[in-house]
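Values in this document were obtained by computation on a predicted structure and should not be read as measured data. In what follows, chains are A, B, ... by sequence order, proteins preceding strands, each numbered from 1.
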Amino acid sequence: MGLVDWARLRSPWVLHFNTGACNGCDIEVVAALTPRYDVERFGIRLVGSPRHADILIVTGPVTKQVEKRLKRVYEQMPEPKFVMAVGNCCASSGAFRNCYNVYPGLDNVIPVDVYVMGCPPKPEAIINGVVKLLEKLKKLKGGAS
Amino acid sequence: MSNIVDVPVGPQHPALKEPLNITCYVDGEQVVGAKLRIGYNHRGIEKAGEYQTFIQNLYIAERICGICGIVHAFDLAQATEHIIGKEIPRRADYLRTIGLELNRIHSHLLWLGVAAHEIGFDTLFMYVWRDREVVMDVIEDFTGNRVTYALVTIGGVRRDLPQEKAEKMLRVMDALEETVKKYKEMCLNEKTIRMRCDGVGVLRKEDAIALCAVGPTIRASGVPFDIRADDPHAAYDEIPFKVVTYDTCDVTARILVRIDETLESINIVREAIKKMPSGPIRARLPRAVPVGEGVGRTEAPRGEVIHYVRSNGTDRPFRWKVRAPTLANLLSIPVMLTSKGDYVVYIADVPITFASIDPCLSCTDRAVKFVDVSSGKSWVWTFSQIKRMYWKDKPCWRERP
Ligand code: SF4
């Protein structure tokens, strides 16, 4: 494992993008960063720019209005990039399945690596999702090197 | 003036938690105007609501906004009960009041943290969010979930509050009161906060009234406007509380209004637990709602929420309309962000000024206008066109019942 991979595994930086969520998942993502759950102890940090991020956390059903912006944010992230869909409505449009302005799932727009289910998922579940993603990353790297 | 620069903020921006685009017109360091563009969060909930039963709609109503979800569910239930015209058990009213007030406490603390973050005071953000978790625990204990409660149903509530839980809640409220008082002290005396917030984002009383601001935004401009006091619903008619107002009209006033309201809410919860009568928590109401119109309104943490429902005698609404407080408050943002006379807005104050109305865009985006951005042309679509374009793969796509 090279130095870069090692660093990536130890301190993944995340970018949070709300694509039309009800805010339920957003406050749980933020709650995961605050002292009770404190994901910063794993080196996970929320950053403001897509150009600094390794993981894109998407919350909410993808609305038609936000689709183009979401793609642009995704394209601005440096490789290798990973996407995490947080919440039922991000994975499958959930409670909003009857709404005309949403896509039936994030994977219709950009590729997704991890789904975290729940409406909203608890902060523990979100942390679990990140850990799963890191495991996946480790396995990929282990096979390659 | 030739050297005016447009600075776009959003839709993805570290200072905004939700997609929104603000274009600030900047002259040097000063903001001379602002334009808002919303609509990134429009999902089409009202239309979907016409294809689901009233009970199903409670759940999608709760997901209009995750921070004040119970308010929407409560309002929809209230509007539906208004059409049916039956009284609901008194105990249910009290339990709803407790739910609404716990929600207000959590929302105001959340906002205090976000506001601290916007002025770069991350220590306070972390402290407040740590203490907010205590409220979340109480809410989880009471309703079964942290964020979407599913507490309110048509005709009452779905969960009772047993004695032991009520006692635990009271104990937590006592501890919380101490903490919130500490924060009030801190906000009054901490230089960092006062320097960033005094005289920033001023919304004068006349402007607030003319622009129909609601909630803490208008109360911080000195207008005592609170639906809980003006049009009592649930159990607010039996619980005394004070409508908090401040008259410095700036961001500090909005912070203090919200902190004082949190203290009031703690008292309301205590009072409601003390006065709560025993009895059933739910009345069985018919599934098919009679023909008629109903309105539900309540004071959400951000201001007045109105739900209007029209029924044509089936179990699905014929029309459902939601007006959320942020839509009313957004109009005052361009006023707060425009330098005028000796009131100067600096570009660094834009995030906190915007955050000071506690914007919630998922509540707001209820309508769309079709505009071709490149040509500026706008048009109206018929419903069948929307169906053909957007709705063809939706399970509910069938003729209206
Ligand atoms: S999954 Fe549920 S809580 Fe999360 S954004 Fe969607 S509707 Fe809101």
Tell me the closest heavy-atom pair linking [X] and [Y], and the distance in Å.
X	Y	result
A/Pro120	B/Val147	CG-CB, 3.5 Å
A/Phe96	B/Ile45	CE2-CD1, 3.6 Å
B/Gly44	A/Cys99	O-SG, 3.7 Å

Of all residues at least two apart in sequence or in a different chain, which pass the side-chain hydrogen bond (donor to acceptor under 3.5 Å, both in side chains) check with B/Arg258?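 Per chain and number, B/Arg258 pairs via side-chain hydrogen bond (donor to acceptor under 3.5 Å, both in side chains) with no residue.
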Sort out for me which of B/Cys360, B/Cys65, B/Gly113, B/Gly69 touches chain A most, counting heavy-atom pairs under 4.5 Å.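 Option with the greatest count: B/Cys65.
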Among B/Glu46, B/Glu140, B/Met136, which residue has the highest count of heavy-atom pairs closer than 4.5 Å to chain A?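 Among B/Glu46, B/Glu140, B/Met136, the one with the most close pairs to chain A is B/Glu140.
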Validation row: [X], [Y] side chains within 4.5 angstrom (heavy atoms):
X	Y	value
A/Asp38	B/Met126	no
B/His42	A/Gln65	no
A/Cys22	B/Arg43	yes
B/Tyr127	A/Thr34	no
B/Gln56	A/Asn98	no
B/Glu133	A/Tyr37	yes

Contact part of [X] toward chain B, heavy-atom cut-off under 4.5 Å: side chain, backbone, both or neither?
X	answer
A/Pro123	side chain
A/Pro61	side chain
A/Leu70	neither
A/Ala31	both
A/Glu28	side chain
A/Thr19	backbone

With a strict 4.5 Å heavy-atom criterion, list every residue of residues 128-135 of chain A that contacts chain B, or say none.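 So no residue qualifies.
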Show every salt bridge (charged side-chain N to carboxylate O under 4.0 Å, His left out) that has at least one partner inside residues 105-117 of chain A, sequence neighbours left out.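 Of all non-adjacent pairs touching residues 105-117 of chain A, those that pass salt bridge (charged side-chain N to carboxylate O under 4.0 Å, His left out) are A/Asp113-A/Lys136.
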Got a sec, which pairs hit salt bridge (charged side-chain N to carboxylate O under 4.0 Å, His left out) with one end in residues 53-72 of chain B, sequence neighbours left out?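 Listed once each, the pairs would be none.
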Side-chain donor or acceptor of B/Thr148 paired with backbone N/O of A/Cys119 under 3.5 Å: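 Checked: pair present.
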Sidechain N-carboxylate O distance under 4.0 Å for B/Asp137, A/Arg36: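 Here B/Asp137 pairs with A/Arg36 in a salt bridge, since their nearest N and O are under 4.0 Å apart.
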Nearest-0.5 Å distance, CG of residue A/Asp26 to CG of residue B/Leu110: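 Output value for this atom pair is 10.5 Å.
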From A/Arg69 atom CZ to B/Asn21 atom CG, the distance as rounded to the nearest 0.5 Å: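 Taking CZ in A/Arg69 and CG in B/Asn21, the distance rounds to 8.0 Å.
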Need one label for B/His72: side chain, backbone, both or neither, based on atoms under 4.5 Å from any heavy atom in chain A.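 Contact with chain A: none, neither part.
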Please determine whether side chain to side chain contact (heavy atoms under 4.5 Å, CB included) holds for the pair A/Val30 and B/Phe125, giving the CA-CA distance in whole Å, both sets of side-chain angles, and the decisive distance to 0.1 Å. CA-CA 11 Å; A/Val30 180; B/Phe125 166 61; 3.9 Å; yes
What do you reckon, is CZ of B/Arg158 surrounded by more than 12 foreign heavy atoms closer than 6.0 Å?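 Result for CZ/B/Arg158: open.
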